[in-house]
Amino acid sequence: MTRRFLFVLGSARADGNTELLARRAAEQLPSDVEQQWFDLAEHPVPDFEDLRHDSDHVRPTEGNVALLLDATLAATDIVIASPLYWYSVSAQTKRYLDYWSGWLRTPGLDFKATLAGRTLWGVTALAHTQPEVADPLVGTLNNSAAYMGMRFGGVLLGNGSKPGDVLNDTEALARAKTFFAQEAPLARFVYED
């Protein structure tokens, strides 16, 4: 299968530091790797409604949720590009991950089996100088990948608060050059180590 990257942008700000860093990393991908960029601010999805005890989920056929589902199913690599908001992913990003719960229960999708073996990556910019404050975000993505049987490529961290600040983070820009070239291991829950 040809590699196809889905970049899910979860920022409330267009062209923010997280997106800038993700685009720098994406520039390093080979030209034959397909890229799709899905901006959750430009294509918002409604709040997720948990129907698992009320009725069956139905595959969406139109609108932003259908577009996002189709893009997710088509991707070999999913990149969550979310700024660090209150030490985790943004609300838009969390809403996208919440939809995974419904897609797991949608008849005919085989969502978990389809994503198993594919790779989840993360990119984030944070204003704090200590990268450990991003551990909850990293944990969210790692555990999501582990539950789905996916590989996890880790999270590319950059520092920046004001628009464009991340472009001054030379270490993050250097990591961006090789971030997607690394071999992503099968995700594991922390308790499995």
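Quantities reported herein were computed from a predicted structural model and do not represent experimental measurements.
Two different hydrophobic clusters hold Leu157 and Leu173 under the rule that ILVMFWY side chains link at heavy-atom gaps under 4.5 Å. Using a 4.5 Å cut-off between side-chain heavy atoms of Ile, Leu, Val, Met, Phe, Trp and Tyr, with links allowed through other members, Tyr96 and Tyr85 fall into different hydrophobic clusters. Hydrophobic clustering of Ile, Leu, Val, Met, Phe, Trp and Tyr side chains at less than 4.5 Å, counting indirect connections, unites Leu137 with Ile80. When the side chains of ILVMFWY residues are joined at heavy-atom separations under 4.5 Å, either directly or via intervening members, Val89 and Val190 end up in two distinct hydrophobic clusters. When the side chains of ILVMFWY residues are joined at heavy-atom separations under 4.5 Å, either directly or via intervening members, Val166 and Phe179 end up in a single hydrophobic cluster.
Closest non-hydrogen pair, Ser11 versus Ala41, comes out as O-CB, 3.7 Å. Residues Leu120 and Ala145 come closest through the heavy atom pair CD2-CB, 3.9 Å. Of all the heavy atoms in Pro60 and Val65, the pair that sits closest is CG-CG1, 3.7 Å. Among all heavy-atom pairs drawn from Ala25 and Leu156, the shortest one is CB-CD2, 4.0 Å. In this structure, Ser144 and Leu97 approach most closely via the heavy-atom pair OG-CD1, 4.4 Å. The heavy-atom pair separating His43 from Asn64 by the smallest distance is C-ND2, 3.2 Å.
Taking a 6.0 Å sphere around CZ of Phe189, one finds it holds more than 12 heavy atoms contributed by other residues, nucleotides or ligands. No more than 12 heavy-atom neighbours from other residues, nucleotides or ligands sit within 6.0 angstrom of CD on Glu62.
Taking CE from Met150 and CG from Leu115, the interatomic distance works out to 4.5 Å, rounded to the nearest 0.5 Å. A distance of 10.5 Å separates CZ of Phe180 from OG1 of Thr119, quoted to the nearest 0.5 Å. In this structure, the separation between CZ on Arg151 and CG on Leu186 is 5.5 Å, given to the nearest 0.5 Å. Atoms CD and CG, from Gln92 and Leu9 in turn, are 10.5 Å apart once rounded to the nearest 0.5 Å. Atom CD1 of Ile78 sits about 11.0 Å away from atom CZ of Phe5, to the nearest 0.5 Å. For the atom pair Arg3 CZ and Leu29 CG, the distance stands at 7.0 Å (nearest 0.5 Å).
Using a cut-off of 4.0 Å between Lys/Arg side-chain N and Asp/Glu carboxylate O, Glu27 and Arg23 are scored as not salt-bridged. Here Asp32 does not pair with Arg4 in a salt bridge; the nearest charged N to carboxylate O distance is not below 4.0 Å. Looking at Arg118 and Asp77, no side-chain N of the basic residue comes within less than 4.0 Å of a carboxylate O on the acidic one, giving no salt bridge.
Looking only at distances, a side-chain donor or acceptor of Arg105 sits under 3.5 Å from a matching main-chain atom of Ser101. Under a 3.5 Å cut-off, the side chain of Asn143 and the backbone N or O of Gly139 do form a donor-acceptor pair. The backbone N or O of Asp110 sits less than 3.5 Å from a side-chain atom of Thr114, completing a donor-acceptor pair. Between the side chain of Asn17 and the main chain of Lys162, a donor-acceptor pair closer than 3.5 Å is present. Judged by distance alone, the side chain of Thr178 and the main-chain N or O of Ala181 form no donor-acceptor pair under 3.5 Å. Put simply, the side chain of Asp169 gets close to the backbone of Asn159: a donor and an acceptor are under 3.5 Å apart.
Among residues two or more places apart in sequence or in another chain, the salt bridge (Lys or Arg N to Asp or Glu O under 4.0 Å) test is passed with Lys94 by Asp98. In this view, Arg95 and Asp47 satisfy the side chain to side chain donor-acceptor pair (under 3.5 Å) rule, not counting sequence neighbours. In terms of the side chain to side chain donor-acceptor pair (under 3.5 Å) criterion, residue partners of Trp37 (sequence neighbours excluded) are, by chain and number, Gln35. Asp135 pairs by the salt bridge (Lys or Arg N to Asp or Glu O under 4.0 Å) definition with nothing, not counting sequence neighbours.
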All N/O donor-acceptor pairs, side-chain side in residues 122-129, below 3.5 Å, sequence neighbours left out:
residue, atom, partner, partner atom, Å
Thr124, OG1, Ser82, O, 2.6
Thr124, OG1, Leu84, N, 3.0
His128, ND1, Gln130, N, 3.0

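Residues Leu73 and Leu109 form a side-chain contact, since some pair of their non-hydrogen atoms from C-beta on lies under 4.5 Å apart. Residues Phe38 and Leu6 have side chains in contact (heavy-atom distance under 4.5 Å, counting atoms from C-beta outward). A heavy-atom distance below 4.5 Å is found between the side chains of Leu40 and Val8.
Here salt bridge (charged side-chain N to carboxylate O under 4.0 Å, His left out) pairs that include residues 177-192, with residues two or more places apart or in two chains, are Arg188-Asp193.
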task = Before giving the answer on side chain to side chain donor-acceptor pair (under 3.5 Å), spell out for Thr72 and Tyr99 the whole-Å C-alpha distance, their side-chain angles and the decisive distance to 0.1 Å.
result = CA-CA 11 Å; Thr72 301; Tyr99 269 92; over 6 Å; no
inquiry  = With side chain to side chain contact (heavy atoms under 4.5 Å, CB included) as the criterion, how do Leu69 and Phe111 come out once you've worked through the C-alpha distance, each side chain's angles and the decisive distance to 0.1 Å?
reply    = CA-CA 10 Å; Leu69 171 59; Phe111 188 71; 4.3 Å; yes
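A centroid separation of 6.0 Å or more is found between the aromatic rings of Tyr147 and Trp100.
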